[in-house]
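Working notes, structure below.
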Amino acid sequence: MIHLIIKLCARKRSLITRGGEGDNFGKIDARCNGRRQSPIRLETKTAVRRTVPQPLILEGYAENATQVVVTNDGQTARYTFQYANNRTVIARGGPLQGSYRFDSLEFHWGSDSSRGSEHVMDNRSYPMSIQLTFYNQNTFEEAENQTYGLAVLGLFFVVVDRDPNYRWIDALFQVQDAPSSYTLPDPTAFNIAQLIGSRRLPYFSYQGSLTTPPCYETVTWILQKRTLNISENQLNAFRSLKQTNGQPLVNNYRNPQPLNGRQVDLYRCTY
């Protein structure tokens, strides 16, 4: 799921406090009071076991980018990628209807390692999650309010003792204040395939929404059960970022929303 040209700060977002005891998104935009909102609680025991006719494919995601830019917009750390010859990473297969172009990836983290991920999996909150966003129209803006217009691949991080080799984290120290952006001197420092690997199964999937206003209910969510590693030292690099008001940028997650009868699928088959 990853291989497109991403324009930095292409989308404006409302600056909203997230996490904690709830969210006030419905007061900001009534669409955030819908019945298909995200994130949710994912439960292995209650999810519907499913198989798919073809595997989930991320075409071109193993290539090195020619440019990688990190942006602190006051709400998250977002990385955007540009590839040679205007090629784009394509997500297809699995639960997706058609092909989706990669837009960007972003992170959500807590003020401590007891929380941070937007989704909760089997009653566990993780210290950080990554979300890779894709769209199926000519532009993200055209797709975001279209039925099945967006797809998001999410993974959870767990804390380990040693620093994994994430050279792209050092760039966070160049975007401490918001808003600010920084181009990585060596774009090969962030290869998406090296971070998320090639294994996708097992994963949850359901129909939900964007997790910030306008909370369009147009997202096919895919959330892997396999976790990624990160150290406390590296998490502190994220926690060192600031919001636009100068306050620490932490707990930038939305609380779980009601399922409201939606089906959550769990894909476990092998191909």
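Hydrogens, waters and symmetry mates are skipped; everything else that's a heavy atom, side chains included, is used.
With contacts defined as side-chain heavy-atom distances shorter than 4.5 Å, the pair F238/V250 does not qualify. Using a 4.5 Å heavy-atom threshold, the side chains of S198 and Y61 count as touching. Using a 4.5 Å heavy-atom cutoff, the side chains of L210 and T133 are not in contact. Looking only at side-chain heavy atoms (C-beta outward), T211 and Y253 stay at 4.5 Å or farther from each other. Taking the side chain as every heavy atom from C-beta outward, R200 and I222 never approach each other to under 4.5 Å. Residues L132 and I192 form a side-chain contact, since some pair of their non-hydrogen atoms from C-beta on lies under 4.5 Å apart. L96 is not listed as a side-chain neighbour of N136, based on a closest heavy-atom distance of 4.5 Å or more. V264 places none of its side-chain heavy atoms less than 4.5 Å from the side chain of E43.
When all heavy atoms of R92 and S99 are compared, the pair lying nearest together is CB-OG, 4.0 Å. A pairwise comparison of heavy atoms in P213 and D29 identifies CB-CB, 4.1 Å as the closest pair. L56 approaches G93 most closely through the heavy-atom pair CD1-O, 3.8 Å. Across all their heavy atoms, G94 and Y203 have their closest contact at CA-OH, 3.5 Å. Residues P95 and S205 come closest through the heavy atom pair CG-OG, 3.5 Å. For T44 against R49, the heavy-atom pair with the smallest separation is O-NH1, 2.6 Å.
One hydrophobic cluster, built from ILVMFWY side chains closer than 4.5 Å, holds both V159 and I169. Cluster annotation: M121 and V158 are assigned to the same hydrophobic cluster (Ile/Leu/Val/Met/Phe/Trp/Tyr, side-chain heavy-atom contacts under 4.5 Å, transitive). L259 is not connected to V120 by any chain of hydrophobic side-chain contacts under 4.5 Å among Ile, Leu, Val, Met, Phe, Trp and Tyr, and they are in different clusters.
For residues 144-193, there are no disulfide bond (SG atoms under 2.5 Å apart) pairs, not counting sequence neighbours. Residue pairs satisfying the disulfide bond (SG atoms under 2.5 Å apart) criterion with at least one member in residues 166-203, sequence neighbours excluded, are absent. For residues 143-217, the set of pairs meeting the disulfide bond (SG atoms under 2.5 Å apart) definition, not counting sequence neighbours, comprises C32-C215. Screening residues 91-130 for disulfide bond (SG atoms under 2.5 Å apart) gives no qualifying pairs among residues at least two apart or on separate chains.
Here L153 contributes atom CG and I130 contributes atom CD1; the two are 8.5 Å apart, rounded to the nearest 0.5 Å. Between the CD atom of E141 and the OH atom of Y135 there is a distance of 8.5 Å, given to the nearest 0.5 Å. Rounding to the nearest 0.5 angstrom, the gap separating the OH atom in Y83 from the OG1 atom in T88 is 9.0 Å. One finds the OG atom of S129 at 9.5 Å from the CZ atom of F107 (value rounded to the nearest 0.5 Å). R50 CZ to Q263 CD: the interatomic distance, rounded to the nearest 0.5 Å, is 6.0 Å. Here the CG-CZ distance, from D186 to R167, works out to 5.0 Å after rounding to the nearest 0.5 Å.
Using bins of under 30°, 30° to 60° and over 60° for the plane-to-plane angle, the ring pair F190/W168 lands in the parallel bin. Ring-plane geometry between Y206 and W221 is classed as parallel, the angle between the planes falling under 30 degrees on a 0 to 90 degree scale with a further cut at 60.
Taking the ring centroids of F157 and Y126, they lie at or beyond the 6.0 Å cut-off.
Between the side chain of N72 and the backbone N or O of S180 there is no donor-acceptor pair closer than 3.5 Å. Judged by distance alone, with hydrogens and angles left aside, the side-chain atoms of R226 form a donor-acceptor pair with the main-chain N or O of R199 at under 3.5 Å. Judged purely by atom type and a 3.5 angstrom limit, H108 has no side-chain atom pairing as donor or acceptor with the backbone of S117. Side-chain atoms of Q82 never come within 3.5 Å of backbone atoms of T66 as a donor-acceptor pair (strictly under, hydrogens ignored). The closest donor-acceptor contact from the side chain of Q243 to the backbone of P248 lies under 3.5 Å. Judged by distance alone, with hydrogens and angles left aside, the side-chain atoms of N85 form no donor-acceptor pair with the main-chain N or O of R87 at under 3.5 Å. Although no hydrogens or angles enter the test, the distance criterion places a donor-acceptor pair under 3.5 Å between the side chain of E217 and the main chain of R35. For the pair D73 (side chain) and A178 (backbone), a donor-acceptor distance under 3.5 Å is absent. Counting only distance, with no hydrogens or angles, the side chain of N191 and the backbone of Q194 share a donor-acceptor pair below 3.5 Å. In terms of modelled atom types and a separation under 3.5 Å, the side chain of T218 and the main chain of E144 share a donor-acceptor contact.
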Fill in: Test side chain to side chain contact (heavy atoms under 4.5 Å, CB included) applied to I90 and R101, step by step
CA-CA 5 Å; I90 299 295; R101 299 164 61 91; 3.9 Å; yes
Fill in: Test side chain to side chain contact (heavy atoms under 4.5 Å, CB included) applied to L105 and Q131, step by step
CA-CA 5 Å; L105 62 82; Q131 296 174 1; over 6 Å; no
Worksheet item: Hey, mind stepping through V219 and S38 against side chain to side chain contact (heavy atoms under 4.5 Å, CB included) and telling me if it holds?
Response: CA-CA 9 Å; V219 180; S38 297; 5.8 Å; no
Worksheet entry | Derivation and outcome, side chain to side chain contact (heavy atoms under 4.5 Å, CB included), residues L266 and L42 | CA-CA 9 Å; L266 177 57; L42 306 165; over 6 Å; no
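Legend: residues meeting salt bridge (Lys or Arg N to Asp or Glu O under 4.0 Å) with R41, ordered by chain and number and at least two apart, are absent. In this structure D170 satisfies the salt bridge (Lys or Arg N to Asp or Glu O under 4.0 Å) test with no other residue, sequence neighbours excluded.
Counting only N and O atoms by type, the side chains of Q176 and S240 include a donor and acceptor under 3.5 Å apart. Side-chain contact, N233 with S231: no donor N or O sits under 3.5 Å from an acceptor N or O.
Salt-bridge formation is not detected for the pair D122/R124: no Lys NZ or Arg NE/NH1/NH2 atom is positioned less than 4.0 Å from an Asp or Glu carboxylate oxygen. Ion pairing between R239 and E232 holds under the 4.0 Å rule for side-chain N and carboxylate O.
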